[in-house]
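These notes concern the structure reproduced below.
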Amino acid sequence: MKIIDNGQKIRITKIMMSIMKEKVWLEEMALKGYRLCGLSMGITYTFEKIEPAKLVYEIDRFDIPNSPKLKDIYQKEEFVALAQDMGWTLLFHDESMNYYFCKEA
């Protein structure tokens, strides 16, 4: 694991092989005062400093075809809207179309 700290944000390079372990790790980072705000190349996590908090994370994957139809896009948008209605905050999505959500526990 490689850590780069610039004062307000930290970057951690870490390979995660399990979504469940990734979510637990992200929740532990929030308890230490870091909320996930980005992911690049699937292994470099960027966190912003926050007050330590008990956050719950959810990671959902959308398999959108290379040439999506309008219904594919609407289904993704409806899912994101439903998650937000349920109190989840969409943090971002990565290159693999994994959508990262969080909310206070």
Side-chain angles (χ1 to χ4, degrees):
M1 179 169 29
K2 178 181 175 184
I3 301 174
I4 300 171
D5 188 345
N6 77 358
Q8 292 301 313
K9 291 187 177 184
I10 64 168
R11 287 196 176 123
I12 300 176
T13 301
K14 183 177 178 101
I15 297 174
M16 300 298 291
M17 301 302 281
S18 159
I19 287 179
M20 292 304 295
K21 288 181 181 179
E22 183 178 16
K23 291 185 337 184
V24 167
W25 178 64
L26 295 173
E27 291 166 7
E28 289 170 354
M29 291 298 291
L31 290 172
K32 294 176 184 176
Y34 297 99
R35 182 177 64 190
L36 182 67
C37 64
L39 177 65
S40 61
M41 304 294 285
I43 62 169
T44 302
Y45 296 80
T46 302
F47 294 88
E48 60 188 351
K49 286 191 177 185
I50 60 169
E51 290 295 318
K54 188 166 173 90
L55 300 178
V56 178
Y57 284 86
E58 189 58 54
I59 304 166
D60 288 293
R61 177 164 177 76
F62 291 99
D63 291 320
I64 296 179
N66 289 339
S67 300
K69 294 184 171 60
L70 203 50
K71 74 173 181 104
D72 298 321
I73 296 167
Y74 284 148
Q75 286 176 341
K76 177 192 66 91
E77 289 175 348
E78 287 174 3
F79 179 85
V80 170
L82 177 62
Q84 290 173 327
D85 288 346
M86 294 174 61
W88 292 94
T89 299
L90 174 61
L91 300 173
F92 63 91
H93 64 84
D94 67 9
E95 302 94 351
S96 299
M97 298 305 288
N98 293 313
Y99 280 65
Y100 286 75
F101 297 88
C102 81
K103 70 177 179 178
E104 290 188 25

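Only heavy atoms go into these numbers, but all of them, side chains included; no hydrogens, no water, no symmetry mates. For this chain, numbers begin at 1 and follow the sequence in order.
When the shell of 6.0 Å around NZ of K32 is examined, it contains 12 or fewer heavy atoms from other residues, nucleotides or ligands. Remark: E77 CD is packed, more than 12 non-hydrogen atoms of other residues, nucleotides or ligands lying under 6.0 Å away.
The cluster map of Ile, Leu, Val, Met, Phe, Trp and Tyr, joined by side-chain heavy atoms under 4.5 Å apart, puts L82 and V56 in the same cluster. Transitive grouping of hydrophobic side chains (ILVMFWY, heavy atoms separated by less than 4.5 Å) keeps I43 and F47 in distinct clusters. Linking ILVMFWY residues whenever their side-chain heavy atoms come closer than 4.5 Å, directly or via other members, places V80 and M86 in the same cluster. Hydrophobic clustering, with ILVMFWY side chains joined whenever heavy atoms are under 4.5 angstrom apart, groups M29 together with I50.
Partners of Y45 according to the side-chain hydrogen bond (donor to acceptor under 3.5 Å, both in side chains) rule, which considers only residues two or more places apart in sequence or in another chain, are E22. Contacts of V24 classified as side-chain contact (heavy atoms from CB on, under 4.5 Å), with partners at least two apart in sequence or in another chain: E28. With sequence neighbours excluded, no residue satisfies side-chain hydrogen bond (donor to acceptor under 3.5 Å, both in side chains) with Q84. Scanning for ring-ring contact (aromatic ring centres under 6.0 Å, His included) contacts around F79 gives F62, with sequence neighbours left out. Residues meeting the side-chain hydrogen bond (donor to acceptor under 3.5 Å, both in side chains) test with Y99, sequence neighbours left out: K76. Residues that satisfy the side-chain hydrogen bond (donor to acceptor under 3.5 Å, both in side chains) test with N98, not counting sequence neighbours, are D94.
Taken to the nearest 0.5 Å, the OH atom of Y74 stands 15.0 Å off from the NZ atom of K69. The distance from atom CG of L39 to atom CG of L91, rounded to the nearest 0.5 Å, is 11.0 Å.
In terms of heavy atoms, E48 sits closest to C37 at N-SG, 3.9 Å. Pairing each heavy atom of L31 with each of P52, the nearest pair is O-CB, 3.2 Å. Taking each heavy atom of F101 and A83 in turn, the nearest pair found is CE2-CB, 3.7 Å.
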Candidate pair D72 and L70, rule side-chain contact (heavy atoms from CB on, under 4.5 Å), full reasoning: CA-CA 5 Å; D72 298 321; L70 203 50; over 6 Å; no
message: ring pair (Phe, Tyr, Trp, His ring centres under 6.0 Å), that's the test. Do W25 and Y34 meet it? Break it down for me.
response: CA-CA 11 Å; W25 178 64; Y34 297 99; over 10 Å; no
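In this structure, the side chains of M16 and K21 come closer than 4.5 Å at one or more pairs of heavy atoms.
The one candidate from E27, R35, E58, K23 that meets the side chain to side chain contact (heavy atoms under 4.5 Å, CB included) condition with C102 is R35.
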